[in-house]
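Please read the structure below before turning to the comments.
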Amino acid sequence: MNSTQFLKIIDAVDEGILIVDQQGIIQMFNKRARLMTGVDIRPVMPHESGKINSGDLVIIADNRLGYDDGELDIAQLKKIGIKTDELKRDDAFVAVGLYDTPEKTGELKIWKNKSQRDHLTFETIFENHKVYVSINLKDKVLEIRIDGVPYLMHYAIAIGHIVVYDLQLNCVKFYQDKGYSVRNETVSELLKGTAFRSKGQNSVGTDNRRSSTDGVEFVEDVKVIGEPISTILRSELLLSMTNRCQSSETEKIEYTYVEINQRPILCAAEKLKETKLVMVKMIDLSDAYALIEQRNQLISTLEKATQQLHLSKDRTKTSASTKIIGNSNAIQRINFLIEKAAKSQSTVLITGESGTGKTLIAEEIHKSGHESGKSPFVSVNCTAIPHQLFESELFGYVKGAFTGAEKGGKIGLFQMADGGTLFLDEIGELPQKMQVKLLQVLQSKSFYKVGATSPTRVDVRIIAATNKDLRAEIENRNFREDLYYRLGAFPLYVAPLRERKGDLYPLIEALLNKFAISLGMEPKVLSGEAMAMLLDYHWPGNIRELENVIELAYNLSEGKKIEAEDIVLSVPMRTKPLPQTLKSVSEEAERQQIIKVLNETDHDVKKAIEMLEVSRSVFYEKTKKYGVTLRKK
């Protein structure tokens with residue numbers, strides 16, 4: 001097989017693939033990798049290299065300030081005459097102004113309400129030019145028109161789009177066609193005065209034009225074959241991965257979160273057998289998010305159609321009403337089962353480890369099955385009630401039932417939940433005496449208050465949850481088998497976070513937004529190294545632990561980005577002395593061991609590396625990954 005045939009084969013692969021030799025020189029770079037990293041562009045509007053000059057007309061469309069625009073802020077926007085305190089991180093906006101022209105004030109339109117961002121438009125006459133801007137979140141298209149000429153940019157998550165128009169020559173001098181690329185052209189950097197490279201002109205190479213699968217021609221104007229990987233992909237983590245494989249430290253590195261040109265990418269590296277080459281595989285998470293969103297929309301549409309055929313309008317609900325965050329198959333299944341459980345009156349038993357969100361799932365089942373605010377949802381943690389008070393708390397008591405009882409008696413939790421839902425969390429802790437009484441309530445829909453001679457009837461939906469293995473509890477005679485089957489009429493299992501690491505991305509984004517509001521701080525983002533740490537961690541405390549880690553990181557971080565040193569993960573307690581070398585400890589304890597050895601060597605890096613028995617590159621990679629500060633001697 002010749003090289004041309006081989007290139008055609010890897011060009012057909014969905015993953016980005018690049019191959020480097022022992023010196024780190026790129027030998028192969030497939031089509032997917034070129035598109036992913038911005039090496040290839042569509043020559044819709046070519047332009048020569050240059051930079052924004054004084055008097056240039058600058059138009060910016062940004063659907064999320066501070067995200068994928070190079071940490072753009074109001075300081076850079078002042079360069080085009082935008083002066084305001086209203087524009088905040090996460091806002092969508094359009095800005096029009098003249099670059100570096102203090103006497104000219106620019107125009108600004110801000111959208112703060114996320115629910116109104118499906119399609120945003122702005123229109124003005126500025127310096128005798130008609131400007132129209134459209135931010136279409138549904139179709140993922142940003143469009144800027146100047147005197148009726150459109151300049152489009154498609155995106156997957158959030159992108160800042162910029163067009164620079166030379167008023168002296170009456171032509172576009174810069175057009176951001178593909179968003180982030182190997183050219184490293186961010187809106188923020190361009191406004192600071194960074195030069196931009198040409199697009200579609202002065203192209204290098206003899207075979208620089210190639211067709212895409214949709215027949216549109218692409219142009220390579222950045223030479224990659226034969227170039228060092230470090231000049232094309234500016235990612236310390238990715239370079240470390242290739243170096244480790246080249247040095248035979250490891251033969252294979254599994255998929256790891258890496259930021260390439262500020263785009264979210266999963267990268268894996270593998271040394272090719274019987275060669276000195278390393279192959280890097282890349283998956284663009286932007287594409288994955290877009291596909292997941294498209295799939296979810298299709299599922300939602302299908303469910304709506306199905307419900308319209310089988311349900312009356314007042315009972316129509318879709319999975320979009322649920323709030324269980326995640327893109328994994330496990331969470332999609334949970335959201336599906338929530339809707340099914342909401343339409344049923346069967347008891348539900350939710351099982352899963354602590355911190356997986358069992359209470360939230362119970363609340364969603366209740367809310368999806370009742371009119372909001374009109375039916376009670378009563379939650380009780382079975383570990384929080386002393387055994388001797390269980391009966392009176394659950395069922396209440398009548399006047400004079402026992403010494404010290406309230407004069408008028410007391411209604412119990414069952415009666416409080418009448419017409420709604422009673423959520424019994426940690427049901428595995430229920431005393432056996434109460435297990436019998438609970439079984440009777442489930443069978444008869446009635447109970448006796450303490451001291452009462454007549455039953456009280458209730459209409460209550462029971463949802464129970466536990467982190468225990470109830471089958472094992474049955475074998476140990478700690479839990480009644482008949483109650484187990486009565487509770488488990490509708491079983492629902494929640495997988496631990498370590499089994500669905502892909503859900504970390506939407507969960508972390510949701511938590512970052514949550515703490516920005518609750519802590520009254522500016523929104524922040526995670527660095528690639530910080531995200532890699534969270535992906536590598538095993539999360540014994542699941543989502544509850546993740547929430548604590550993100551909140552602490554939010555408080556510890558200084559700037560707008562949470563770095564690796566801001567991430568504090570739990571390390572299991574040890575009773576035995578720690579071994580010296582990194583080869584003999586688990587990944588969770590590596591950070592602790594590195595700090596211990598550094599303290600023992602008074603931060604002598606050379607001695608620490610010898611004691612840890614790792615290479616110099618691995619040592620620095622680990623210290624950076626775990627946020628270990630090295631003191632200068």
Quiz item: Taking it one step at a time, do Phe515 and Met521 satisfy side-chain contact (heavy atoms from CB on, under 4.5 Å)?
Solution: CA-CA 8 Å; Phe515 290 124; Met521 301 170 69; over 6 Å; no
Quiz item: So Lys514 and Glu509, salt bridge (Lys or Arg N to Asp or Glu O under 4.0 Å) or not? Walk me through it.
Solution: CA-CA 9 Å; Lys514 171 186 174 181; Glu509 183 171 1; over 6 Å; no
Quiz item: What do the steps show when you test Val172 against Val164 for side-chain contact (heavy atoms from CB on, under 4.5 Å), and what is the final call?
Solution: CA-CA 6 Å; Val172 167; Val164 180; over 6 Å; no
Exercise. Starting from the C-alpha separation in whole Å, work towards a yes-or-no answer on side-chain contact (heavy atoms from CB on, under 4.5 Å) for Leu504 and Leu497.
Key: CA-CA 8 Å; Leu504 279 169; Leu497 190 54; 3.8 Å; yes
Quiz prompt | Audit row: Ser557, Lys524, side-chain hydrogen bond (donor to acceptor under 3.5 Å, both in side chains) steps and yes/no | solution = CA-CA 9 Å; Ser557 59; Lys524 299 185 180 185; 2.7 Å; yes
Quiz prompt | side-chain contact (heavy atoms from CB on, under 4.5 Å) evaluation trace for Val549 with Val568 | solution = CA-CA 6 Å; Val549 169; Val568 180; over 6 Å; no
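When all heavy atoms are compared, the tightest approach of Glu499 to Tyr493 is OE1-OH, 4.3 Å. Taking each heavy atom of Leu534 and Leu526 in turn, the nearest pair found is CD1-CD1, 3.7 Å. Heavy atoms only, all atoms of each residue included: Asp21 and Gln27 are closest at OD2-NE2, 3.0 Å. What you find for Gly326 and Gln332 is that their closest heavy atoms are O-NE2, 3.3 Å. In terms of heavy-atom proximity, Ala564 sits nearest to Ser527 at N-OG, 4.0 Å. The shortest heavy-atom contact between Ile324 and Ile331 is O-CG2, 3.7 Å.
The environment of Lys501 atom NZ is dense: over 12 non-hydrogen atoms of other residues, nucleotides or ligands sit within 6.0 angstrom. Atom NZ of Lys276 sits in a sparse spot, with 12 or fewer heavy atoms from other residues, nucleotides or ligands closer than 6.0 Å. When the shell of 6.0 Å around CD of Glu558 is examined, it contains 12 or fewer heavy atoms from other residues, nucleotides or ligands. Sparse packing is recorded around NZ of Lys607, with 12 or fewer heavy atoms of other residues, nucleotides or ligands lying under 6.0 Å away.
Looking at Lys88 and Asp91, no side-chain N of the basic residue comes within less than 4.0 Å of a carboxylate O on the acidic one, giving no salt bridge. A salt bridge does not link Glu547 to Arg544: none of the charged side-chain nitrogens sits closer than 4.0 Å to a carboxylate oxygen. Between Arg89 and Asp73, none of the side-chain N atoms (NZ, or NE/NH1/NH2) sits under 4.0 Å from a carboxylate O, so this pair counts as no salt bridge.
Although no hydrogens or angles enter the test, the distance criterion places no donor-acceptor pair under 3.5 Å between the side chain of Asp566 and the main chain of Leu552.
Looking at heavy atoms from C-beta onward, Met279 lies in side-chain contact with Lys281 at the 4.5 angstrom threshold. A 4.5 Å side-chain heavy-atom check between Leu535 and Met531 finds at least one atom pair inside the cut-off. Residues Gln76 and Lys192 are in side-chain contact: their nearest non-hydrogen atoms beyond the backbone lie under 4.5 Å apart. Within the 4.5 Å cutoff, no side-chain heavy atoms of Phe29 are placed close to those of Ile19. Using a 4.5 Å heavy-atom threshold, the side chains of Leu512 and Pro523 count as separate. Between Ile229 and Leu239 the shortest side-chain heavy-atom distance falls below 4.5 Å. Side-chain contact check for Phe174 versus Lys51: every heavy-atom pair is 4.5 Å or farther apart. Residues Leu569 and Trp539 are in side-chain contact: their nearest non-hydrogen atoms beyond the backbone lie under 4.5 Å apart.
Asp62 CG to Leu77 CG: the interatomic distance, rounded to the nearest 0.5 Å, is 8.5 Å. The distance from atom CG of Asn53 to atom OH of Tyr99, rounded to the nearest 0.5 Å, is 8.5 Å. For the atom pair CG of Asn548 and CG of Leu546, the computed distance is 9.0 Å after rounding to the nearest 0.5 Å. Separation of atoms CD1 (Ile550) and CD1 (Ile567) is listed at 5.5 Å; rounding is to 0.5 Å. Between the CD1 atom in Ile80 and the CG atom in Asp56 there is a gap of 11.5 Å [rounded to 0.5 Å]. For the atom pair Cys245 SG and Leu277 CG, the distance stands at 12.0 Å (nearest 0.5 Å).
Side-chain N/O atoms of Asn542 and Thr356 include no donor and acceptor closer than 3.5 Å. In this model, no donor atom of one side chain and acceptor atom of the other lie less than 3.5 Å apart for Glu71 and Ser188.
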